[in-house]
Structures are given as structure tokens and as C-alpha cells.
Number of protein chains: 4
Amino acid sequence: MSPADTEPRQDGTARGRPRSEAVERAIIEGVMKLLEDGVPLAELSIERIARTAGVGKATIYRRWSGKEELFVDVMRAAEPPDPQLPGTSMRDDLVVLLEALRRRGLAGRTSAILHNVHAQMKSSPNLWAAYHDTVILPRRRLGLDVLRRGRENGELRADVDLELLNDIVVGPVLVRTLMRPDADLPDDLAERVVDTLLQGLRPVNG
Amino acid sequence: MSPADTEPRQDGTARGRPRSEAVERAIIEGVMKLLEDGVPLAELSIERIARTAGVGKATIYRRWSGKEELFVDVMRAAEPPDPQLPGTSMRDDLVVLLEALRRRGLAGRTSAILHNVHAQMKSSPNLWAAYHDTVILPRRRLGLDVLRRGRENGELRADVDLELLNDIVVGPVLVRTLMRPDADLPDDLAERVVDTLLQGLRPVNG
Amino acid sequence: MSPADTEPRQDGTARGRPRSEAVERAIIEGVMKLLEDGVPLAELSIERIARTAGVGKATIYRRWSGKEELFVDVMRAAEPPDPQLPGTSMRDDLVVLLEALRRRGLAGRTSAILHNVHAQMKSSPNLWAAYHDTVILPRRRLGLDVLRRGRENGELRADVDLELLNDIVVGPVLVRTLMRPDADLPDDLAERVVDTLLQGLRPVNG
Amino acid sequence: MSPADTEPRQDGTARGRPRSEAVERAIIEGVMKLLEDGVPLAELSIERIARTAGVGKATIYRRWSGKEELFVDVMRAAEPPDPQLPGTSMRDDLVVLLEALRRRGLAGRTSAILHNVHAQMKSSPNLWAAYHDTVILPRRRLGLDVLRRGRENGELRADVDLELLNDIVVGPVLVRTLMRPDADLPDDLAERVVDTLLQGLRPVNG
DNA sequence: TATTAATCGAGACGGTACGTCTTGTCTTGGT
DNA sequence: ACCAAGACAAGACGTACCGTCTCGATTAATA
């Protein structure tokens with residue numbers, strides 16, 4: 001799924017002119033620039049991408065089998081780095097994770113790319129799978145680890161389903177980010193979600 | 001956004017051959033049939049839709065301004081009816097609402113159409129808005145009403161943010177339905193989400 | 001080989017918008033204009049022809065299966081009309097026929113087209129055959145008729161091979177026209193060829 | 001026009017690895033093999049020639065500036081040697097010359113190459129000129145010499161135009177060879193052409 | 001014997017054209 | 001006024017070649 005789909009060579013022997021990494025970057029940067037400039041994803045033809053990057057069409061097809069595969073790498077390049085967990089408590093760690101998610105949905109470049117390409121990739125199951133495996137899954141695992149530690153530390157009920165809980169924690173931010181583009185993502189959203197969940201929904205007295 | 005974009009006539013006077021409603025149904029049914037047959041959304045050209053429905057291309061353009069507008073109506077036609085709330089308690093109402101959401105993500109026809117068209121529409125803000133306003137928003141209001149009644153009945157803490165809570169309730173199911181296509185949606189998912197949230201996450205003793 | 005390769009319809013029933021004859025003419029005229037302007041045949045891409053004629057590529061492919069087929073029709077359109085035979089004698093008729101051949105090789109538009117397309121067509125046996133059958137053969141028959149009448153009238157030896165003789169008469173002009181592009185075609189060439197042949201090559205006394 | 005276009009060095013000093021003559025032959029042989037195998041000239045890309053000859057593209061471009069120049073050398077290599085004239089009489093010499101021409105148009109390898117490359121070269125005036133000067137012209141001069149000797153020997157009328165006569169002699173065979181690919185070239189064609197011309201066309205008595 | 005420089009096969013590179021497909025508009029003749 | 005059919009200009013699709021440009025690896029003649 002990464003660049004070098006039509007592998008240039010299986011063994012180590014390199015023959016012929018090697019592929020230029022600069023070209024690779026130029027293409028991905030070109031796509032990002034177009035998306036940031038507000039060009040609708042539907043108008044992102046390979047022809048136009050090539051024109052923008054000052055590159056021949058074949059040079060694109062030599063690396064990616066089509067638009068979708070290219071977009072996977074564009075997303076990967078646009079993906080912000082993993083957040084640094086404070087480790088002071090489960091609650092704090094969750095807030096940091098959620099906050100990273102919230103920010104990702106706001107930031108200019110990332111946001112424009114994310115919203116568009118995300119939607120696009122959904123139409124292609126195996127591409128989605130590739131993105132899921134290399135981007136989503138590691139983050140998900142990060143969240144599950146935090147929750148597991150929380151359960152072990154006694155911050156969490158012992159009988160809770162961690163997988164489900166992870167979806168519950170992450171759900172509201174993801175929903176607001178990707179499915180309700182007009183929804184606001186206030187600064188304290190991460191905190192409020194985590195604290196609301198921890199406090200429980202029942203009235204205080206009981 | 002609805003059919004009859006290029007309105008046939010503003011006033012009441014009807015002149016010439018009236019538009020055939022059968023044609024309208026044939027087109028929408030045709031799109032659904034193709035999607036159910038596993039035709040990828042990307043291969044759904046207007047040309048092919050017209051061929052499948054045995055209809056001229058102009059007849060489609062006379063009703064919708066393009067593929068996306070047509071898809072909005074296809075989604076609307078595929079949307080399952082609103083669930084009937086039992087009204088016995090907030091908890092029960094929420095479970096029924098969530099269960100409807102879960103079912104929508106499973107059902108064959110609906111599911112295939114949903115996943116595809118949903119993704120597609122995300123690329124077009126105003127189309128997404130149209131879908132949001134006529135399909136998502138009413139459901140959302142239904143959920144908010146249930147929560148509001150719950151708060152009034154004392155089933156909910158008084159200081160909770162209903163908007164946020166609604167996203168928390170709906171989030172996990174939506175995430176599993178639309179963003180993790182391989183995730184399982186077990187029969188008791190709705191119940192477990194609602195009960196997990198109501199019980200709170202803290203260990204019992206305190 | 002003619003226009004209308006992908007026949008629009010076999011029976012008489014005409015359905016859909018009929019093909020525009022104006023477009024047909026515009027395309028053929030466009031090719032001629034380019035050739036007259038000195039554009040080398042090798043640079044006559046379908047893409048360029050379409051651009052010049054202000055026509056979509058598909059519109060060309062709808063009529064001809066490729067460049068070569070199109071060129072057959074261009075040649076046909078550029079072909080000068082059959083000459084009018086005086087009928088006063090075999091000698092005079094032959095001179096007129098040869099003179100027509102000579103002129104064809106001189107005339108600006110025709111000449112440029114002829115030389116180029118002629119060469120091009122040679123690479124495609126069946127296209128050459130098509131051109132041969134509809135353009136060359138009728139002319140050839142005209143020549144054979146003249147010779148046959150000459151033999152019946154006693155202007156020709158009875159034992160002569162008419163087919164061969166026709167090639168002998170036509171040969172020198174054709175060679176100078178098509179194979180020695182720099183050769184001159186003097187005004188009296190036709191007369192001189194015919195008279196040289198009629199007089200024989202032997203010295204007068206014998 | 002010959003190999004060594006981008007001359008490897010002007011002065012005598014030879015530095016670096018010298019060009020391999022074997023490579024040169026391999027390329028020309030490769031082209032001939034492809035043509036004999038019935039590959040249409042239009043499909044003879046430099047890319048394919050290089051592939052067939054097991055040679056890098058640059059190695060071809062180092063010797064010839066393009067396809068056409070390469071073809072000139074291919075033709076030269078395929079050209080049969082000059083015929084040996086008996087010298088017994090003008091008539092016999094002409095028959096031998098014509099017979100050589102006829103054979104050239106028949107022979108397998110030569111014929112396939114001739115017909116194709118001949119046509120191709122016509123589109124490029126200066127290439128045609130090169131071929132004309134080094135291949136056609138010497139043959140033509142050979143014919144003119146024979147005719148001149150014939151006139152001096154009294155085998156020919158003194159007032160005949162030798163240039164024109166040469167075209168008349170050569171014309172029919174050339175026409176049948178290059179312009180009527182389906183025409184037959186019977187064994188006695190050369191004799192019949194020469195004798196027909198010598199006998200004259202008029203009836204015997206007069 | 002080492003150095004040097006042009007050669008070699010391989011294949012990447014920016015372009016252009018190929019022939020096919022879809023887009024949205026525009027005629028047709030018929031309902 | 002509507003309909004199905006299909007022509008039309010425009011332009012993207014993915015592939016093939018164009019002629020140029022690196023690569024690492026030969027291959028002589030020179031130093």
C-alpha cells in the first residue's frame with residue numbers, strides 16, 4: 001500500500017536509474033496543497049495532480065496503482081504524531097488522547113485532508129483496511145492500554161468491557177469531528193467527556 | 001434537493017405531458033438494485049443508471065442536478081422508519097433508539113447503501129447538510145427529547161450537558177457502524193452501552 | 001471504410017440525434033488544412049485533428065476506426081474528378097489521361113496530401129486495398145478501355161498485352177510523381193511519353 | 001545519416017570504451033527480424049527494437065537520431081547487390097537490370113522491408129533524399145549508361161530523351177512492385193517490357 | 001598497474017498521444 | 001411538455017513511447 005507498489009526490484013540488486021524520493025514528496029505535497037486550497041476531492045484527477053506536482057502521470061502510476069492508494073499515503077503523511085501521555089492517571093491520559101483527537105479534527109491542513117480523504121477511502125474496503133491497520137489501530141491500542149492500566153489501578157470497575165468503553169470514550173469526539181462537520185469542538189471537550197463518563201449519569205444521592 | 005429541481009411549472013397550470021412518477025421510482029430502485037448487487041459506488045455513472053433503469057439521461061438530469069443529489073433521495077428512500085418508543089423509562093427508550101441505529105447498520109440493503117453513499121456525501125458539504133437536516137437531525141432531536149424527559153424524571157443528573165450526552169450515547173454505535181466496518185454489532189450492544197453509561201465507570205464501593 | 005463505420009443503424013428507423021454532416025466536413029477539411037500548412041503527417045495526431053476541427057475525439061472515432069481510415073476519406077475528398085476524354089483518337093485520349101495524372105501530382109493541396117497520405121497508407125494493406133479499389137482501379141479501367149478501343153481501331157498492334165501496356169504508359173508519370181518527388185513534370189510530359197511509345201525506340205530506317 | 005551521428009570524437013584520439021560494432025549489427029538485424037516476422041512498421045517502436053536487440057535505448061540514440069535514420073541503414077543493409085551486366089546488347093542489359101528490380105520486389109526479406117520502409121521514408125523528405133542519393137541514383141545512372149551506349153550503338157533512335165526513356169523502362173516494374181502490391185510479377189516480365197518497347201506499338205504493316 | 005573516460009543494459013523521468021469512458025447539454029422523432 | 005435514443009465538446013482514464021537522464025558495471029587506451 002506504501003509507495004513502491006510495483007516493486008522496483010525484489011532482491012538487493014539495484015539496476016537502472018533509482019526512483020527519486022524528491023519526486024515522491026513533490027506528489028504528496030502537491031495533493032495536500034490542492035486539498036488545502038479548497039479543491040474538492042472529486043476534482044483531484046491524477047492528471048491534475050501530475051500537472052500540479054510538475055510530474056508525468058506515469059511517475060505517479062509507477063508508485064501507486066491509483067488515486068486511492070496515493071491518498072492512503074497522503075493521509076499517513078498528514079497524520080499528526082502520537083501524543084505524549086503524562087501517565088499521572090488514567091483520567092489524565094484519556095484527556096490527552098481525546099484532546100489529540102479533537103485537535104486533529106480542527107487543524108487546518110490535517111482537517112481538510114482528513115475529512116475529504118477519509119470519506120473517499122470508505123468506498124474502498126481494502127484501502128480502508130490498510131488505513132485502519134496502520135493509523136487507526138495503533139491509536140486504538142494506545143487507548144486500550146490506558147484503560148487496562150486504569151482498571152488495574154482501580155480507577156475503573158473490574159467488570160467493564162474495555163473494547164466497548166474505548167468506543168464510548170472516543171465516540172463523541174469522533175462523531176463530532178467526522179460526522180457533524182458543523183459541530184463545535186470546544187476547548188474543554190476532552191475533559192468534559194472523560195469527566196462526564198467517570199462521574200456517571202445518575203443523580204448524586206442514589 | 002428533492003426531486004423536481006428544475007420545476008416543471010411554478011403556478012398550478014400543468015401543460016404538456018406530466019412527469020411520470022413511475023420513472024422516478026424506477027431510477028431510485030435501479031440505483032438501489034445496483035448497490036445491493038455489489039456494484040461499487042464509483043462505478044455508478046449516470047450513464048449506467050440510465051441504462052439500468054431503461055431511461056434517458058436527460059430524464060435524470062431533469063429531476064436531479066447530478067449524481068450526489070440523486071443519492072440524497074436514494075438514502076432517504078432506504079432510511080428505515082422511526083422506531084416506536086415504549087416510554088416506560090429513559091433507559092428503555094434509549095435502548096430502543098440505539099437498537100434501531102444498530103439494526104440500520106446491519107440490514108443488507110440499507111447497510112450497503114448507507115456505507116457507500118454516506119461516504120460519498122461527505123465530500124459535498126451542502127449535500128451532507130441536506131441529508132443532515134432531513135435525516136440525522138430529527139433522530140437527534142428524538143434522542144435529546146428522551147434525555148430531557150429522563151432529566152426531568154430524575155433518571156439523570158441535573159447538571160449534565162444533554163447535547164454532549166447524546167453524542168456519548170450515540171457515539172459508540174455510530175463509530176462501530178460507520179468507521180469500523182469490520183467491528184461486530186452484538187445483539188445486546190444497545191443495552192450494554194446504555195447500562196454501562198448509567199452505572200458509571202467507578203468501582204462500586206468508592 | 002467510408003464514414004459511418006459503427007453504423008448508426010441498419011434498418012431505416014433513425015433513433016436518437018442524427019450525426020451531423022457538418023462535423024464530418026469540418027474534420028476532413030481540418031486535416032487538409034493542416035497538411036496544406038505543411039504539418040508533417042507524423043504530427044497529425046487524432047488529438048490535434050480534433051482540436052483543429054473544434055470537435056471531440058469521440059466524434060472522430062465514431063466515424064472512423066483510426067487515423068488511417070480517416071485518411072482514406074481525406075484522399076477521396078482530395079482526389080480530382082475524372083478527366084473528360086475527347087475520343088478523337090487513342091493517342092489523344094491517352095494524352096488527356098496522362099495529363100490528368102501529371103496535374104494531380106502538381107496541384108498544391110492535392111499534391112501535399114497525396115504524397116503524404118499515399119505513403120502512409122502503404123503500411124496498411126487493407127486500407128491500401130480500399131483506396132486501390134475505389135480510386136485507382138476505376139482510373140485504371142478507364143485507361144484499359146482507351147487502349148482496347150485503340151486496338152480495335154487499328155491504332156495498336158493486335159498482339160499487345162493491354163494490362164502491361166497500361167503500366168508502361170502510366171509508369172513514368174507515376175514514378176516521377178510519387179517516387180522521385182524532386183523530378184520535374186514538364187508541361188509536355190504526357191505528350192512526349194505517349195508519342196515516344198507510339199513511335200517506337202528503333203532508329204527510323206531499320 | 002550513417003551510424004556514428006553523435007560522433008564519438010572528431011580527432012583521432014580515442015578515449016574511453018569504444019563503441020561495439022556487434023551492437024550495431026544486432027540492432028539492424030533485430031529490426032529486420034521483426035519486419036520479416038510480419039510486425040507492422042507502425043509497431044516498431046524504438047523501445048521494442050531495443051528490447052528485441054537486448055540493448056538500451058540510449059545505445060540506439062547514440063548512433064541514430066531517430067527511427068527514420070535507423071531505417072535508412074536497415075534499407076541499405078537489405079538492398080541486394082548491383083546486378084552484373086552481360087554487355088552483349090542494350091536489350092540484354094536492360095532485361096538484366098529490370099530483372100534485378102523484379103527480383104528485389106519478390107524476395108522475402110527484402111520485399112517485406114522494402115515495401116514498409118519505403119513507404120515510411122516517403123514522409124520524411126531529407127531521409128528520402130538520403131536513400132535516393134545512395135541507393136536509387138546509382139541504379140538510375142546504371143540504366144542511363146546502358147541506354148546511352150544503346151543510342152551510340154544504333155540500337156536506339158538518336159532523338160530519344162534518355163531520362164524519360166529510363167523512366168519508361170523502369171516505370172512498369174516499379175509500379176507493379178511498389179504501388180500495386182497484389183499485381184503479379186511473372187518470370188518473363190522484364191523481357192516482355194523491354195521487347196514491347198523496342199517493337200513499338202503500331203501495327204506491323206504501317 | 002592503476003586511472004580515466006566513454007560505453008553498456010536498465011530503467012526513471014516529464015511529456016504527448018492513444019482509444020475508451022463519463023459528463024452534462026443538445027437534437028431527433030415519437031407519445 | 002415529456003420520453004428514449006444517441007450525437008456532441010470536453011476532458012480524465014491508464015498505457016505506451018518519445019527522447020533525455022541517471023545509475024552501477026564493463027572495457028580499452030593512457031599514464
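Throughout, protein chains are lettered first and strands after them, A, B, ... in sequence-line order, and every chain is numbered starting at 1. Atom set for the values below is all heavy atoms of this structure, side chains included, hydrogens, waters and symmetry mates excluded.
When distances are taken from the side chain of C/R62 to each of F/dA7, F/dC3, E/dC13, the shortest belongs to F/dA7. You'll find that the side chain of B/R63 is closest to F/dC3, out of F/dC3, F/dC8, E/dC26. Picking from E/dG9, F/dC8, E/dC13 the nucleotide with the shortest atom distance to the side chain of A/R19 gives E/dC13.
Atom CD in C/E43 sits about 20 Å away from atom P in F/dC17, given to the nearest Å. Rounded to an integer number of Å, the gap from CD of C/E68 to C1' of E/dG19 is 13 Å. Distance, B/I27 CD1 to F/dA4 P: 8 Å, rounded to whole Å. Between the P atom of E/dG9 and the CD1 atom of D/I60 lies a distance of 9 Å, rounded to the nearest Å. Put simply, CD1 on A/I46 is 16 Å from C1' on E/dG15, counting in whole angstrom units. Atom pair A/W64:CH2 and F/dC13:P shows a separation of 15 Å (rounding to whole Å applied). The OH-P distance, from B/Y61 to E/dT25, rounds to 7 Å in whole Å. Rounded to whole Å, the distance from CD on A/E24 to C1' on E/dC13 is 14 Å.
Remark: the D/R17 side chain and the F/dT26 base include a donor-acceptor N/O pair separated by less than 3.5 Å. Taking only distance into account, the side chain of B/K57 never meets the base of F/dG6 through a donor-acceptor pair shorter than 3.5 Å.
Contact annotation: the side chain of A/L35 approaches that of A/V31 to within less than 4.5 Å [non-hydrogen atoms, C-beta and beyond]. In this structure the side chain of D/L34 never reaches within 4.5 angstrom of the side chain of D/E43, judged on heavy atoms.
Between C/R48 and B/R48, the residue whose closest nucleotide on DNA chain E is further toward the 5' end is C/R48. Along DNA chain E, the nucleotide nearest to A/T59 and the one nearest to B/S45 differ in position, and the one closer to the 5' end is contacted by A/T59. Between B/A53 and C/E21, the residue whose closest nucleotide on DNA chain F is further toward the 5' end is B/A53. Each of B/E47 and D/A58 was matched to the nucleotide of DNA chain F holding its nearest heavy atom; the match closer to the 5' end belongs to B/E47.
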Given side chain to side chain contact (heavy atoms under 4.5 Å, CB included), test B/E29 with B/K33 step by step and report yes or no.
CA-CA 6 Å; B/E29 277 298 317; B/K33 189 174 179 317; 6.0 Å; no
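Using a cutoff of 4.0 Å between basic side-chain nitrogens and carboxylate oxygens, A/R19 and A/E24 are not scored as salt-bridged.
Within the 4.0 angstrom heavy-atom criterion, no nucleotide atom of any strand lies near A/G66. C/A50 comes within 4.0 angstrom of no nucleic acid atom, judged by non-hydrogen atoms across all strands.
The main-chain N or O of A/V55 is never found under 3.5 Å from a side-chain atom of A/T59 such that the two would form a donor-acceptor pair.
When all heavy atoms are compared, the tightest approach of B/G56 to B/A50 is C-CB, 4.3 Å.
Dashed line: the shortest gap from a side-chain N or O of D/R51 to OP1 or OP2 of F/dC17 is under 4.0 Å. Taking side-chain N and O atoms only, B/K67 has no distance below 4.0 Å to OP1 or OP2 of E/dT22.
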